[in-house]
Amino acid sequence: MGEVTAGSRRARTRRKGRGGAGPSLGGLILLAVLVSGCGQEEQTAACAAFVICVEARDEQGGRTTDLERFREGGACWGSRPGQTLCDRACTRGLAFLRERYTPLPEACTP
């Protein structure tokens, strides 16, 4: 075997993808996580209506539903994908309530 020098070790390290000047996968993942949580999206009309409807229904039935994520400033509004997912859930939730339960409080009518 030949002599191992500092220069040859660096060359092997670069070939393995470590120790180079480029960004690491871990760094890129961390950056993506940080950036995705930086935005603040608006609460959608569907979720505002869903919250109002469920609150009215809870009052009518004497129960409490955890709606914090759907409220203005809730977890749903931290990113565009979150906003899209929650808007879809609220739209479907309202449709389900309107189809399934009667009578509904007036706050649940379109």
Side-chain angles (χ1 to χ4, degrees):
M1 289 192 125
E3 181 180 330
V4 177
T5 64
S8 63
R9 269 191 233 132
R10 272 196 298 269
R12 279 198 310 264
T13 301
R14 277 193 208 108
R15 279 195 301 268
K16 290 181 183 177
R18 290 182 235 141
S24 69
L25 180 58
L28 291 174
I29 291 171
L30 178 61
L31 180 62
V33 168
L34 292 174
V35 170
S36 68
C38 288
Q40 188 63 26
E41 303 297 326
E42 296 287 322
Q43 181 190 39
T44 62
C47 283
F50 178 73
V51 167
I52 290 169
C53 177
V54 173
E55 285 177 337
R57 193 165 176 274
D58 282 357
E59 187 177 317
Q60 190 179 57
R63 66 186 154 266
T64 304
T65 302
D66 181 7
L67 297 166
E68 287 307 308
R69 77 181 316 99
F70 299 109
R71 293 184 196 283
E72 181 107 25
C76 285
W77 319 120
S79 68
R80 181 61 54 109
Q83 180 190 44
T84 301
L85 180 66
C86 289
D87 183 63
R88 194 175 311 140
C90 291
T91 300
R92 290 177 180 169
L94 273 172
F96 176 81
L97 289 171
R98 291 173 180 156
E99 290 170 10
R100 202 60 109 148
Y101 296 102
T102 56
L104 279 174
E106 191 175 312
C108 295
T109 58

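- A donor-acceptor distance shorter than 3.5 angstrom exists from the side chain of Gln43 to the backbone of Phe70, with no hydrogens or angles considered.
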- Item | Cys76/Cys86 under disulfide bond (SG atoms under 2.5 Å apart): CA gap, chis, key distance, verdict | CA-CA 6 Å; Cys76 285; Cys86 289; 2.0 Å; yes
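- Follow the hydrophobic side-chain contacts under 4.5 Å out from Phe96 and you never reach Leu85; the two are in separate clusters.
- To the nearest 0.5 Å, atoms CD (Glu72) and CD (Glu42) are separated by 6.0 Å.
- Between the CZ atom of Arg92 and the CG atom of Leu97 there is a distance of 14.5 Å, given to the nearest 0.5 Å.
- Pairs passing the salt bridge (Lys or Arg N to Asp or Glu O under 4.0 Å) check and including a residue from residues 53-67, sequence neighbours excluded, read Glu55-Arg71, Asp58-Arg63.
- Within 6.0 Å of CZ in Arg69 there are 12 or fewer heavy atoms belonging to other residues, nucleotides or ligands.
- The SG atom of Cys47 sits 8.5 Å away from the CD atom of Gln83 when rounded to the nearest 0.5 Å.
- Linking Ile, Leu, Val, Met, Phe, Trp and Tyr whenever their side-chain heavy atoms come within less than 4.5 Å puts Tyr101 and Phe50 in one cluster.
- The side-chain heavy atoms of Trp77 and Thr44, taken from C-beta on, include a pair separated by under 4.5 Å.
- To the nearest 0.5 Å, atoms OG1 (Thr109) and CG (Leu94) are separated by 10.5 Å.
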